[in-house]
There are 2 protein chains.
Amino acid sequence: MDATLDQHAAWLAKSLGRTDYLPLRPEDAVALADAGAVVDKYKGTHLFREGDLADACFIIEEGEVELYRNNGAEKSVVARIGSGSVVGDIAMFQERPYLSSARAIRNTTVLRLERDRLVPLLLARPVLAMRWLVNGLSQLEATQQRIIRLMNRTVLEQVAGLLLDEQDSYGDVLLSQAAIAELLGASRQSVNEALAQLRSEGAIETGYRRITVVSEDRLARTSST
Amino acid sequence: MDATLDQHAAWLAKSLGRTDYLPLRPEDAVALADAGAVVDKYKGTHLFREGDLADACFIIEEGEVELYRNNGAEKSVVARIGSGSVVGDIAMFQERPYLSSARAIRNTTVLRLERDRLVPLLLARPVLAMRWLVNGLSQLEATQQRIIRLMNRTVLEQVAGLLLDEQDSYGDVLLSQAAIAELLGASRQSVNEALAQLRSEGAIETGYRRITVVSEDRLARTSST
DNA sequence: ACTGATTGGTCGGGCACCCGACATTCCGGT
DNA sequence: ACCGGAATGTCGGGTGCCCGACCAATCAGT
């Protein structure tokens, strides 16, 4: 098994999993809630596991869920999603295996929508079906554009772009340098060097498992996207 | 404008444009034909141009259409599609600009489906809508897997993989080495070197704008996918 | 057949990056 | 407070690839 390939697949899955795109209207939400089953997941339990046939998708009502992939013996966290996020839908529509595992990291309440009940519902509500699926298309296409943007660029440019994408509302990126290297398919040393340069330029500050974006402008200029 | 980036986008668009995925059932085809307009396109005329807002998609009934992208002054052909292929639908559903231009290279008959008429039709026939859109999802996802497979691999491996993908039914790949280099985001020289090695291993034969696959097994072993 | 343009083939210099190794700093748990 | 593991920082050696340059081979048009 190629670990690098898995890492990229992990990044892909992260974007796939970032399905907080579905702005449900009230009447649609009611119909969905009616078709699904509310399930309480205790901390540590799984919604689904990588490789399982995707026979259901999940909408998170309350709590927090971690998406991760197994790369050989290790597991690499791919995303953390919270209330309102939808996960597993794209794999479910295609009737293919999940690309990642999903595990509750707090006590979590989810709406479980089984394929066999959701599909008839969508067929009965074609507007909802169109919106859901077209949003899925947009999601996938945006991921592709992002991947293409990062191909054949220097590690420095890739790191700058990643930091711009991944920073939270405080400008922090809570990832180890090794994790960033895995996401980019680069070596830890190269990432370290790139971060050192960005730091010397005053674009970021670095700490233990934490990078703080100081100047988005400088980062954007470096990433040249 | 970054030419390398555009070339990768072109290859992406090729997969996006390769929308020969829609196996229509007779009754669906009738409904579609009813909603669309049959248009004759003479050799050299355009179905649409890159950048235009996608307000319609096209199903090719007879003839051949070339998809290409403009990269600054040059144009690079991205795909050729024939009878039964669907083109422009993904951009249309998203109400975004076309990713490539489409031009008839023979006298061609197409079914033009305008968004304003197709969407109501799909809403009235949700089964058709689901099949169309889920097929689109599969298409995009396959493209992503392909892109990810090629990232962070040596030029030799990439070339081997590309030849496996692009060979026609006779095992021929009718591309110049420069064109292959553009598709992979590599230099012409590196591609030439890779081809020389594959030739010395007996996996392929090379000619003027032509590469013939002799041993798929050797190629597959080299590409290690 | 001749000519210009395109394509194929090859060489050498330079560079970004990977890899291994090692020291240092930081953190969490008993 | 200590200690082991994890993360950060830094240094050479090696290498795959880009780039510029150049020439040979092939093709297309008059």
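In the text below, chain A, chain B and the rest are named by the order of the sequence lines, each starting its count at 1.
Counting heavy-atom neighbours within 6.0 Å of Glu193(A) CD, excluding the residue itself, gives a total of 12 or less.
The residue among Gln189(A) and Gln158(A) whose nearest nucleotide of DNA chain C lies closer to the 5′ end is Gln158(A).
Summarising the geometry of Leu184(B) relative to Gln158(B), their closest heavy-atom pair is O-OE1, 3.6 Å, with the distance given to 0.1 Å. Taking each heavy atom of Val134(B) and Leu133(A) in turn, the nearest pair found is CG2-CD2, 4.1 Å. When all heavy atoms of Gly161(A) and Ser223(A) are compared, the closest pair comes out as N-CB, 3.7 Å.
When the P atom of dC18(C) is taken as reference, atom CD of Gln177(A) falls 14 Å away, rounded to whole Å. One atom, CZ of Arg153(B), and another, C1' of dC18(C), lie 16 Å apart when rounded to the nearest Å.
Using a distance-only test at 3.5 Å, with no hydrogens or angles considered, no donor-acceptor pair links the side chain of Thr222(B) to the main chain of Ala160(B). When atom types are taken as modelled, the side chain of Lys41(A) and the backbone of Thr109(A) share no donor-acceptor pair closer than 3.5 angstrom. Counting only distance, with no hydrogens or angles, the side chain of Asp89(A) and the backbone of Cys57(A) share no donor-acceptor pair below 3.5 Å. Distance alone, capped at 3.5 Å, is enough to place a donor-acceptor pair between the Asp168(A) side chain and the Tyr170(A) backbone. The backbone N or O of Gly136(B) sits nowhere less than 3.5 Å from a side-chain atom of Ser138(B) that would complete a donor-acceptor pair.
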- Task: Summarise protein proximity over nucleotides 22-30 of chain C in one line of letters, 5' to 3': B for base, S for sugar-phosphate only, - for none, counting protein heavy atoms closer than 4.0 Å.
- Result: ----SS---
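In the helix from dA1(C)-dT30(D) to dT30(C)-dA1(D), the terminal helix axes, each the rotation mapping four pairs' C1' atoms onto the next four within five end pairs, subtend 50°, rounded to 10°.
Under 3.5 Å, the side chains of Glu50(A) and Ser100(A) contain no donor-acceptor pair of N or O atoms.
Of all the residues in residues 190-200 of chain B, Asn192(B), Arg199(B) reach under 4.0 Å from DNA chain C with at least one non-hydrogen atom.
Taking the salt bridge (Lys or Arg N to Asp or Glu O under 4.0 Å) definition, one finds that Glu157(B) meets it with Arg153(B), sequence neighbours left out. In this structure, the side-chain contact (heavy atoms from CB on, under 4.5 Å) partners of Arg115(B), at least two apart in sequence or on a different chain, are Met92(B), Glu95(B), Val119(B).
Along DNA chain D, the stretch of nucleotides lying under 4.0 Å from any heavy atom of chain A spans, 5' to 3', dA6(D) to dT10(D).
Using cut-offs of 30° and 60° for the angle between ring planes, the Phe48(A) and Tyr98(A) rings count as parallel.
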